[in-house]
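Heads up: the structure comes next, in structure tokens.
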Amino acid sequence: MSTPNIHHFFHSPTFTFAYVVSDSVTKQCVVIDSVLDYNQAAARTSTGFADEIIEYIEEHELSLQWILETHAHADHLTASHYLKEKLGGQIGIGARISEVQEIFKGLYNLEDGFQADGSQFDRLFKQGDVFSIGDLSCSIMETPGHTPACITYI
């Protein structure tokens with residue numbers, strides 16, 4: 001019988017927890033709230049924290065199905081596209097991300113061509129949607145507050 005294995009990683013510069021949740025039988029996994037390192041003084045990104053997550057996934061012979069975001073993060077940059085490039089998987093976030101993107105577009109002076117429609121993600125989750133991690137069934141609960149697009153993975 002499949003059971004979830006949960007391993008957390010703490011990114012101290014941003015006080016962010018990232019998680020790898022895996023199916024004990026199929027070895028399929030998800031990464032929740034990945035972080036891309038950012039050196040503000042140098043205005044440079046790096047992948048050290050994300051590489052620790054990749055090392056864990058490879059060491060435990062896991063297969064990445066999903067890279068999930070609980071919300072759009074203004075306090076750190078996501079490493080989701082880096083993880084997808086390195087390990088595959090699909091990127092998911094709450095469907096109301098387009099509302100957040102529209103706000104961020106003006107706030108951060110994003111170019112006119114920036115699409116505030118969630119098209120940067122593979123799946124936009126809504127209340128009650130279901131997906132799987134291997135044989136584990138998961139559902140979505142919308143939990144707006146921090147942003148309108150906040151969701152919880154159950």
Counterpart residues, salt bridge (Lys or Arg N to Asp or Glu O under 4.0 Å), relative to Glu99 (two or more places apart): Arg96
His7 and Phe9 aromatic centres sub-6.0 Å: yes
Spatial distance of atom NE2 (His11) from atom OG (Ser34) [nearest 0.5 Å]: 10.5 Å
Check against side-chain hydrogen bond (donor to acceptor under 3.5 Å, both in side chains), Asp23 and Ser2: CA-CA 6 Å; Asp23 177 328; Ser2 293; 2.9 Å; yes
Donor-acceptor contact below 3.5 Å, side chain Gln115 vs main chain Gly113: yes
Shortest non-hydrogen contact from Ile97 toward Gly118: CG2-CA, 3.8 Å
Test salt bridge (Lys or Arg N to Asp or Glu O under 4.0 Å) applied to Asp122 - qualifying residues, sequence neighbours left out: Lys84
Distance, nearest 0.5 Å, that separates CD1 of Ile32 from OG1 of Thr70: 8.0 Å
Euclidean distance, Ser63 OG relative to Lys27 NZ, rounded to 0.5 Å: 11.0 Å
Plane angle bin for Phe125 and Trp66 - parallel if under 30°, tilted between 30 and 60°, otherwise perpendicular: tilted
Side chains of Ser132 and Ser137, donor plus acceptor under 3.5 Å: no
Geometric class of the Tyr153/Phe131 ring pair [parallel <30°, tilted 30-60°, perpendicular >60°]: perpendicular
Parallel, tilted or perpendicular: rings of His71 and His146 (30°, 60°): perpendicular
Plane angle bin for Phe104 and Tyr108 - parallel if under 30°, tilted between 30 and 60°, otherwise perpendicular: perpendicular
